[in-house]
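Every heavy atom of this structure was used, including side-chain atoms; hydrogens, water molecules and symmetry mates were not. Here the structure is a predicted model, which is why all the values come from computation and not from measurement. Naming convention: chains lettered A, B, ... in sequence-line order (proteins, then strands); numbering from 1 in each chain.
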Protein chains: 2
Amino acid sequence: MKKTDILKKLRSSGLRPTKQRVEIAKFLFEREKTFHFTVESLNRLLTKKSVSKIALATIYNTVHAFKTAGHLSEVEVRGNKTYFDTNVSNHHHFYDSETSELIDIDASDIVIQKIPKAPNGKKIKNVEVFINLKN
Amino acid sequence: MKKTDILKKLRSSGLRPTKQRVEIAKFLFEREKTFHFTVESLNRLLTKKSVSKIALATIYNTVHAFKTAGHLSEVEVRGNKTYFDTNVSNHHHFYDSETSELIDIDASDIVIQKIPKAPNGKKIKNVEVFINLKN
DNA sequence: TTTTCACTTTAGAATTATTATAAACTAGAA
DNA sequence: TTCTAGTTTATAATAATTCTAAAGTGAAAA
């Protein structure tokens with residue numbers, strides 16, 4: 001993803017492309033593979049990488065803004081921290097609790113044959129499959 | 001589950017059946033259906049129900065002790081609080097984010113036809129299916 | 001180009017869930 | 001009954017996240 005696209009991405013979702021947002025967006029979206037992170041790990045990586053320090057509150061703000069705009073998805077992982085994923089398509093995860101690492105699973109790699117119907121007037125929003133790994 | 005069984009359950013897992021543990025265990029396990037809760041909701045319900053106040057720290061201690069003993073399972077739910085479940089068999093969940101309510105799905109009600117193999121030397125510990133509901 | 005102002009950033013305080021601490025208490029073996 | 005390891009408790013500490021309010025800044029309009 002080129003810089004122009006980053007600007008387009010931000011503007012098209014109503015986010016003013018500030019210095020901080022562009023820097024974070026470039027870090028998150030200018031990569032080939034999907035990226036999984038927590039706010040804490042993102043902060044650590046950004047601090048290491050860049051000259052200008054971005055406030056932790058700004059990282060929280062930005063990540064939430066990106067999530068609301070649909071540029072990031074939140075992954076449910078047992079534990080205290082919240083994980084985010086640059087892969088916003090419908091997909092699933094392996095989770096290695098030894099390393100606290102998430103690995104994407106393509107939606108097409110899991111086929112569910114039988115599923116119960118939603119209770120009392122509710123509908124199914126989405127189905128998430130989470131595969132815990134061990135050694 | 002009768003009181004004798006509660007005592008047996010505690011003792012058999014190396015937990016001294018103290019007044020507090022018995023009270024919490026009775027509340028959690030002397031019921032027909034599975035029960036889902038957070039420490040906060042359990043604390044609220046216990047306070048309402050009983051005469052003697054149990055310290056919040058004790059509820060945390062006890063819930064963790066029960067979990068370690070295999071009498072409770074932890075459910076991964078997006079968000080800040082940790083959910084527990086009196087159903088410790090292999091099963092899945094519906095989650096209604098409107099009401100923050102969890103509903104059990106019997107393991108036999110979900111059949112997965114295709115599943116990817118675990119990465120590099122890892123093995124699959126377990127597979128959790130989480131179905132988000134909407135109205 | 002300058003002005004203007006709603007949107008942003010920021011540091012630090014506040015909040016919330018959870019864990020740690022250490023003193024008082026107690027189940028149950030001796 | 002005595003003793004002691006295991007337990008409970010109030011409170012402090014920690015950790016993740018959100019709030020606050022003052023200072024800063026994109027970008028539209030003058």
Side-chain angles (χ1 to χ4, degrees), chain A residues 3-4 6-27 36-47 50-69 71-72 74-84 100, chain B residues 3-4 6-27 36-47 50-69 71-72 74-84 100:
Chain A
K3 180 154 185 184
T4 334
I6 292 284
L7 294 184
K8 218 174 282 173
K9 184 168 202 157
L10 292 177
R11 266 193 248 275
S12 71
S13 42
L15 295 168
R16 207 145 77 181
T18 62
K19 188 155 64 73
Q20 293 85 346
R21 283 177 179 164
V22 172
E23 187 169 343
I24 296 174
K26 285 176 68 178
F27 185 79
H36 297 104
F37 63 96
T38 64
V39 169
E40 182 262 331
S41 73
L42 177 59
N43 182 228
R44 190 156 25 80
L45 292 168
L46 284 172
T47 305
S50 60
V51 207
S52 56
K53 167 74 179 163
I54 300 177
L56 185 59
T58 301
I59 299 180
Y60 272 100
N61 288 342
T62 304
V63 166
H64 280 133
F66 288 179
K67 188 199 159 192
T68 302
H71 303 318
L72 289 174
E74 197 178 323
V75 185
E76 76 196 25
V77 177
R78 225 192 294 267
N80 37 343
K81 286 185 203 150
T82 305
Y83 282 71
F84 294 91
S100 300
Chain B
K3 176 148 189 186
T4 336
I6 292 284
L7 294 184
K8 219 175 279 175
K9 183 169 203 157
L10 292 178
R11 265 193 248 275
S12 71
S13 42
L15 296 168
R16 205 146 78 183
T18 63
K19 187 157 63 76
Q20 294 85 341
R21 283 177 178 164
V22 171
E23 186 170 341
I24 295 174
K26 285 175 69 178
F27 185 79
H36 297 105
F37 62 97
T38 64
V39 169
E40 181 262 329
S41 73
L42 177 59
N43 182 228
R44 189 156 23 81
L45 292 168
L46 284 172
T47 304
S50 59
V51 208
S52 57
K53 167 77 180 160
I54 299 176
L56 184 59
T58 302
I59 298 179
Y60 272 100
N61 288 343
T62 305
V63 166
H64 281 132
F66 287 179
K67 188 198 157 191
T68 302
H71 303 317
L72 288 174
E74 196 179 322
V75 185
E76 77 196 23
V77 177
R78 224 193 295 269
N80 38 344
K81 287 185 200 151
T82 306
Y83 282 71
F84 294 92
S100 299

Go through B:V63 and B:L72 one step at a time and tell me if the side-chain contact (heavy atoms from CB on, under 4.5 Å) criterion holds.
CA-CA 8 Å; B:V63 166; B:L72 288 174; 4.0 Å; yes
Just do the side-chain contact (heavy atoms from CB on, under 4.5 Å) check on A:L10 and A:F66 with the steps written out, would you?
CA-CA 9 Å; A:L10 292 177; A:F66 288 179; 3.5 Å; yes
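At whole-Å resolution of the value, NZ in B:K19 and P in C:dC25 are 13 Å apart. Rounded to an integer number of Å, the gap from B:L15 CG to C:dA27 P is 15 Å. Between the CG atom of A:L46 and the C1' atom of C:dT10 there is a distance of 16 Å, rounded to whole Å. Across the protein-nucleic acid pair, B:Y60 atom OH and C:dA17 atom P stand 7 Å apart, rounded to whole Å. Going from atom CG of A:L10 over to atom P of C:dT8 covers 10 Å, rounded to whole Å. If you measure from atom CZ of B:R21 to atom P of C:dA27, you get 12 Å, rounded to the nearest angstrom. A straight line from CG of A:N43 to C1' of C:dT10 spans 13 Å, rounded to a whole angstrom. The separation between A:I24 atom CD1 and C:dT9 atom C1' is 11 Å, rounded to whole Å.
Remark: B:I59 CD1 to B:R21 CZ distance equals 13.5 Å, nearest 0.5 Å. We find the CG-OG1 distance between A:N80 and B:T82 to be 8.0 Å, quoted to the nearest 0.5 Å.
Residue-to-nucleotide proximity on DNA chain C shows that, of B:L56 and B:P17, the 5′-proximal contact is made by B:L56. Each of B:R16 and B:A57 was assigned the nucleotide of DNA chain D with the nearest heavy atom; the assignment lying further toward the 5' end belongs to B:R16.
Under 4.0 Å is where a charged nitrogen must lie from a carboxylate oxygen, and between B:R44 and B:E40 at least one such pair does.
Scanning both residues, A:N43 and A:I54, for their nearest heavy atoms gives ND2-O, 4.1 Å.
The side-chain heavy atoms of A:F84 and A:K67, taken from C-beta on, include a pair separated by under 4.5 Å.
Residue-level contact check: A:T38 touches neither bases nor backbone, having no heavy atom under 4.0 Å from any strand. Using a 4.0 Å heavy-atom criterion, one finds that B:T58 contacts the bases of the nucleic acid, with or without backbone contacts as well.
Running 5' to 3' along DNA chain D, contacts with non-hydrogen atoms of chain B at under 4.0 Å begin and end at D:dA5 to D:dA10.
Phosphate contact (OP1/OP2 of C:dA27, side-chain N/O of B:R11, threshold under 4.0 Å): absent.
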